[in-house]
K.L.:
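Dumping the structure here so I can ask a few things about it.
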Amino acid sequence: MNSTQVNGKVDEVVGSIKRNAGKMTGNTPLQVKGIAQQTKGKIEGALGKAKDVVAQANQEANQGANRKTRVQRDTRP
């Protein structure tokens with residue numbers, strides 16, 4: 001889990017608390033702010049997951065390139 005995912009999860013939780021507090025007290029602006037923050041957190045979480053996928057793909061590509069280079073070196077006369 002990277003920092004973007006952590007920040008996203010924090011925003012989701014805080015947004016949920018605000019949304020529920022606004023709902024319980026009848027404070028519509030607080031409820032709307034909570035929904036917005038919660039949505040922002042979900043988007044941040046998805047972005048963080050995408051970053052992890054890209055980083056993993058890059059790592060695998062680099063490992064594949066390194067293996068290919070080693071094989072080429074080993075097969076030279």
K.L.:
So, for Gln38 and Ser16, which heavy atoms are closest and what is the spacing to 0.1 Å?
P.N.:
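Closest heavy-atom pair between Gln38 and Ser16: NE2-CB, 3.7 Å.
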K.L.:
To the closest 0.5 Å, what do you measure between NZ (Lys40) and CG (Leu47)?
P.N.:
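Lys40 atom NZ to Leu47 atom CG measures 11.5 Å (nearest 0.5 Å).
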K.L.:
How many angstroms lie between atom CD of Gln5 and atom CG of Asn7, to the nearest 0.5 angstrom?
P.N.:
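Those atoms lie 10.5 Å apart.
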K.L.:
With a 4.5 Å heavy-atom cut-off, do Gln63 and Gln59 have their side chains touching?
P.N.:
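The answer is yes, as the side chains (C-beta and beyond) meet within the 4.5 Å cut-off.
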K.L.:
Which value, rounded to the nearest 0.5 Å, describes the distance between Lys49 atom NZ and Met1 atom CE?
P.N.:
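Answer rounded to 0.5 Å: 8.0 Å.
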K.L.:
Between Thr39 (side chain) and Ile35 (backbone), is there a donor-acceptor pair under 3.5 Å?
P.N.:
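Such a contact is found between Thr39 side chain and Ile35 backbone.
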K.L.:
Might you point out which heavy atoms bring Thr4 and Glu44 nearest each other, and give the distance in Å?
P.N.:
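Closest heavy-atom pair between Thr4 and Glu44: CG2-O, 3.3 Å.
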K.L.:
Rounded to the nearest 0.5 Å, what's the gap from CZ on Arg19 to CD on Gln37? Could you check?
P.N.:
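Arg19 CZ to Gln37 CD: 12.0 Å, rounded to 0.5 Å.
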K.L.:
Considering all heavy atoms of both residues, which atom of Ala21 and which atom of Leu30 are nearest to each other, and what is their separation?
P.N.:
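In terms of heavy atoms, the two residues are closest at CB-CD2, 4.1 Å.
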K.L.:
Between Glu60 and Ala57, is there a donor-acceptor pair closer than 3.5 Å when you use the side chain of the first and the backbone of the second?
P.N.:
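Looks like no, no N/O pair under 3.5 Å.
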